[in-house]
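Here's the structure we're looking at; comments come further down.
Reckoned from all heavy atoms, side chains included, excluding hydrogens, waters and symmetry mates.
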Amino acid sequence: MSDTRPIIAITMGDASGIGPEIIMKALAREDVYAMCRPFVVGDATRLREADAITKTGLQVNALQSPAGAKYQRGTVDVIDLGIIPAGHPFGQLSALSGEGAFRYIERATRLVEAGEADAICTAPLSKEALHAAGHKYPGHTEMLAHLTGTPEVSMMLVAPKLRVIHVTTHIGLMDAIRKIEPGLVFRVIERGRATLVKAGIEQPRIGVCAINPHAGENGLFGQGEEEEKIIPAIEKCHANGWSVDGPLPADTLFFRAARGDFDLVVAMYHDQGHGPVKVMGLEAGVNITIGLPVVRTSVDHGTAFDIAGKGIADEGSLVEALKQAVGLAPKRVMQAA
């Protein structure tokens, strides 16, 4: 009997945050197992503690490789790295949790590269804990780029009625403006467009944000950044026959995209794109890394240390991230034992 459900590696994220809890809640749901074969890369002890907190009543199946996974609702399969000890505090910044978060990502990446999983879905990590452990990455995106030897990737956020890809992300605003240039803008548009075409949108409609208010208002605002940094990239898109509009004022562009005028918005910097997405639906938001040789999706929220260990965290964003991973994962047919 064949099983076409993709195999998804879920990384546990920061063990001191809500990652273990939302994983147990998500893997208690029948709809998750209907669409994929999930396993966790993390710590079995921590997941058992999360099970007791969330009262999901699931068995944790500790493994050394995905070969022994059951992929059955009621059992959570986990590649057990044995990093987090029993009783490790929830809700507190921890270098050990930061180390674990890095190791989970590292192992999941190698498993996908080896063909033992089809995609990675990540629970949230703490950048401060990651740095405390000696891993000086701004976040998941940059870490995965390094682990896979990918020189340039992009962050795409997906919320109900809105998709946003970023030209720059985890750098200061002044640095972001300096970094933006036509070649980078074009490559980001190209990556975003290719992802939507792969997802079945034959001719994606793309709106590109300006940097300045009112798109510079014909030179009234800014120092000609739109003309210098963005317009040449859009002209190149038009030469390729792509449906790309801009640079457009960000305030009205996001409204138009949410009502259905565009399939994708290109944001120039972190908060320009993140703010509207999180207003549209933080609980259902998904973060997708575009340009990697492996598929990676993530929740669009943080570790929530303030509620970690209380069993009240919502698993909705993780379930949406799993759905996106399923949609992007390469199709496979495996023979069941």
Legend entry - Cation-aromatic face contact R46/F90, 6.0 Å, 45 degrees: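 Output yes; distance and angle both within limits.
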
Inset, instruction - Could you name each residue pair satisfying side chain to side chain donor-acceptor pair (under 3.5 Å) that touches residues 65-79, not counting sequence neighbours? - result: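 Sorted result for residues 65-79: N61-D77.
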
Inset, instruction - Keeping to residues at least two apart or across chains, list the side chain to side chain donor-acceptor pair (under 3.5 Å) pairs with something in residues 165-179. - result: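 Every side chain to side chain donor-acceptor pair (under 3.5 Å) pair that includes a residue of residues 165-179, provided the two are not neighbours, is E142-H170, H166-H274, D175-R178.
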
Legend entry - Stepwise side-chain contact (heavy atoms from CB on, under 4.5 Å) check, V295 with D118: CA-CA 7 Å; V295 172; D118 300 312; over 6 Å; no

Would you call [X] and [Y] a side-chain contact if the rule is heavy atoms closer than 4.5 Å?
X: I201; Y: R163; value: yes
X: V60; Y: T45; value: no
X: E226; Y: I211; value: yes
X: L264; Y: M156; value: yes
X: I53; Y: E21; value: yes
X: Y33; Y: L27; value: yes
X: F262; Y: V208; value: no
X: I79; Y: V40; value: no

Ignoring hydrogens and geometry, is there a side-chain-to-backbone donor-acceptor pair from [X] to [Y] under 3.5 Å?
X: R5; Y: M35; result: no
X: K127; Y: G139; result: no
X: D80; Y: L63; result: no
X: K310; Y: D306; result: yes

Under 3.5 Å, which donor-acceptor pairs do the side chains of residues 238-253 form with other protein atoms, sequence neighbours left out?
from, atom 1, to, atom 2, distance (Å)
H238, NE2, V244, O, 2.6
T252, OG1, P249, O, 3.3

For residues [X] and [Y], report the shortest heavy-atom separation together with the two atoms involved.
X: P124; Y: V299; answer: CD-CG2, 3.5 Å
X: I230; Y: A210; answer: CD1-CA, 4.1 Å
X: G42; Y: V78; answer: N-CG2, 3.8 Å
X: A308; Y: S16; answer: CB-O, 3.4 Å
X: V185; Y: I180; answer: CG2-CG2, 3.7 Å
X: D300; Y: V286; answer: CB-N, 3.8 Å

Inset, instruction - Could you go through the side-chain hydrogen bond (donor to acceptor under 3.5 Å, both in side chains) check for T56 and D51 one step at a time? - result: CA-CA 6 Å; T56 44; D51 177 70; 2.6 Å; yes

Heavy-atom count check: over 12 atoms from other residues, nucleotides or ligands less than 6.0 Å from [X] [atom1]?
X: Q223; atom1: CD; answer: no
X: E227; atom1: CD; answer: yes
X: E152; atom1: CD; answer: yes
X: Q203; atom1: CD; answer: yes
X: R107; atom1: CZ; answer: no

Taking atom [atom1] of [X] and atom [atom2] of [Y], what is their separation to the nearest 0.5 Å?
X: T297; Y: H140; atom1: OG1; atom2: NE2; result: 10.5 Å
X: Q272; Y: C209; atom1: CD; atom2: SG; result: 4.0 Å
X: I312; Y: I22; atom1: CD1; atom2: CD1; result: 13.0 Å
X: E99; Y: I84; atom1: CD; atom2: CD1; result: 9.0 Å
X: F102; Y: S97; atom1: CZ; atom2: OG; result: 15.5 Å
X: I165; Y: L157; atom1: CD1; atom2: CG; result: 9.5 Å

[X] and [Y]: same hydrophobic cluster, using ILVMFWY side-chain contacts below 4.5 Å?
X: L318; Y: L125; value: no
X: L130; Y: I120; value: yes
X: Y137; Y: I288; value: no
X: V41; Y: L58; value: yes
X: I18; Y: I10; value: yes

Inset, instruction - Kindly determine whether H301 and K278 satisfy side-chain contact (heavy atoms from CB on, under 4.5 Å), including the steps that lead there. - result: CA-CA 9 Å; H301 59 70; K278 294 190 176 184; over 6 Å; no

Partners passing side-chain hydrogen bond (donor to acceptor under 3.5 Å, both in side chains) against [X] (at least two apart in sequence or in another chain):
X: S298; result: T122, R296
X: D261; result: R256, R259
X: E113; result: R110

Inset, instruction - With side-chain contact (heavy atoms from CB on, under 4.5 Å) as the test, would you mind laying out the steps for V153 and L144 before giving the verdict? - result: CA-CA 9 Å; V153 295; L144 283 157; over 6 Å; no

Legend entry - NZ/NE/NH1/NH2 to OD/OE distance under 4.0 Å, R193 and E190: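 Judged by the 4.0 Å cut-off on N to carboxylate O distance, R193 and E190 do not form a salt bridge.
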
Legend entry - Carboxylate-amine/guanidinium contact E320 K323, below 4.0 Å: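 Salt bridge between E320 and K323, a charged N being under 4.0 Å from a carboxylate O: yes.
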
Inset, instruction - Given side-chain hydrogen bond (donor to acceptor under 3.5 Å, both in side chains), test E225 with N212 step by step and report yes or no. - result: CA-CA 8 Å; E225 288 86 357; N212 293 298; 2.8 Å; yes

Inset, instruction - May I have the step-by-step check of side-chain contact (heavy atoms from CB on, under 4.5 Å) for V76 and M24, ending in yes or no? - result: CA-CA 8 Å; V76 174; M24 297 306 286; 3.9 Å; yes

Inset, instruction - Could you check H88 against E49 for side-chain hydrogen bond (donor to acceptor under 3.5 Å, both in side chains), going step by step and ending with a plain yes or no? - result: CA-CA 10 Å; H88 187 64; E49 291 174 338; over 6 Å; no

